[in-house]
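Heads up: the structure comes next, in structure tokens.
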Amino acid sequence: MLYGIVDIGSNTVRLNVYNYKNNKLNIIFTRKENLGLIFYIKKDKLTKEGIKKLITLLKEIKADLDHLNVKCYSFFSTAPSG
């Protein structure tokens, strides 16, 4: 079975797709995009331009997941502490 994980970070967004078979987990696909979302934060909020960039990329990543026929996936975000 295939599993997808999308990590939305302050600088990069990464998709990893794993195949789980015979009690083994192997990475079969990875995609990393440098968005630099940290530069789109104003007054502790993501700007409209940053949101648009993120949404565009997340739609592309969802298309990748659909193309690979990944049915089980999760998106999560990490943020720097200040």
Side-chain angles (χ1 to χ4, degrees):
M1 181 166 202
L2 298 179
Y3 296 91
I5 302 290
V6 180
D7 177 4
I8 304 163
S10 59
N11 284 308
T12 61
V13 177
R14 179 186 301 266
L15 164 64
N16 284 334
V17 176
Y18 300 89
N19 183 33
Y20 181 73
K21 188 175 180 181
N22 299 325
N23 290 325
K24 292 185 179 180
L25 194 63
N26 295 304
I27 192 163
I28 63 162
F29 180 82
T30 189
R31 176 179 179 174
K32 179 182 172 184
E33 297 289 337
N34 294 313
L35 276 188
L37 291 176
I38 193 80
F39 300 110
Y40 295 97
I41 295 176
K42 304 293 182 217
K43 296 183 182 176
D44 294 328
K45 292 185 180 182
L46 194 57
T47 64
K48 287 182 182 182
E49 185 180 0
I51 291 169
K52 286 180 184 180
K53 287 183 176 285
L54 180 59
I55 288 172
T56 298
L57 179 57
L58 292 179
K59 285 179 180 179
E60 292 174 14
I61 287 173
K62 177 62 170 85
D64 289 343
L65 291 166
D66 291 343
H67 179 77
L68 293 167
N69 202 28
V70 178
K71 302 290 185 203
C72 187
Y73 52 84
S74 294
F75 292 73
F76 70 94
S77 63
T78 55
S81 58

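Being a predicted model, the structure only gives us computed values, none of them experimental.
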Check for me, please, whether [X] and [Y] land in the same ILVMFWY cluster - side-chain distances under 4.5 Å, paths through other members count.
X   : Y   : result
V70 : I5  : no
I55 : L35 : yes
M1  : L65 : no

Item checked: Contact summary for L57 and V13, nearest pair of heavy atoms -> CD2-CB, 3.6 Å
Margin query: Tell me the closest heavy-atom pair linking F29 and L15, and the distance in Å.
Written below: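 It is CE2-CD2, 3.7 Å.
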Item checked: L37 vs I41, side-chain contact (heavy atoms from CB on, under 4.5 Å): CA-CA, chis, key distance, verdict -> CA-CA 7 Å; L37 291 176; I41 295 176; 5.8 Å; no
Notebook entry, point to check: Side chains of N69 and K71: is there a donor and an acceptor less than 3.5 Å apart?
Noted result: yes
Note to self: Assess the residue pair T30 and R14 against the criterion (side-chain contact (heavy atoms from CB on, under 4.5 Å)); give the C-alpha distance rounded to whole Å, side-chain angles, the decisive distance to 0.1 Å, and a yes or no.
What the structure shows: CA-CA 7 Å; T30 189; R14 179 186 301 266; 3.9 Å; yes
Next item on the list: Quick one: list whatever passes side chain to side chain contact (heavy atoms under 4.5 Å, CB included) with N34, sequence neighbours left out.
Entry: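 N34 satisfies side chain to side chain contact (heavy atoms under 4.5 Å, CB included) with T12, K32 once adjacent residues are dropped.
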Notebook entry, point to check: Is any side-chain N of the basic residue among E60 and R31 closer than 4.0 Å to the acidic one's carboxylate O?
Noted result: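 Judged by the 4.0 Å cut-off on N to carboxylate O distance, E60 and R31 do form a salt bridge.
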Check: Which residue pairs satisfy the ring-ring contact (aromatic ring centres under 6.0 Å, His included) criterion with at least one member in residues 55-76, sequence neighbours excluded?
Finding: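 Checked against ring-ring contact (aromatic ring centres under 6.0 Å, His included) - neighbours excluded - the pairs reaching residues 55-76 are Y73-F75.
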Checklist line | Check: N11 and F39 side chains under 4.5 Å, non-hydrogen atoms | finding: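 Sidechains of N11 and F39: in contact.
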Note to self: Please report the interatomic distance CG(N19) to CG(L25), rounded to the nearest 0.5 Å.
What the structure shows: 8.0 Å
Notebook entry, point to check: CD1/I8 to CD1/I61 distance, rounded to the nearest 0.5 angstrom?
Noted result: 7.5 Å
Checklist line | Expected output: side-chain T47 to main-chain Y40 donor-acceptor under 3.5 Å | finding: yes
Notebook entry, point to check: Pick from L68, L2, N16: which one makes a side chain to side chain contact (heavy atoms under 4.5 Å, CB included) with I28?
Noted result: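 Exactly one option meets the side chain to side chain contact (heavy atoms under 4.5 Å, CB included) with I28, and it is L2.
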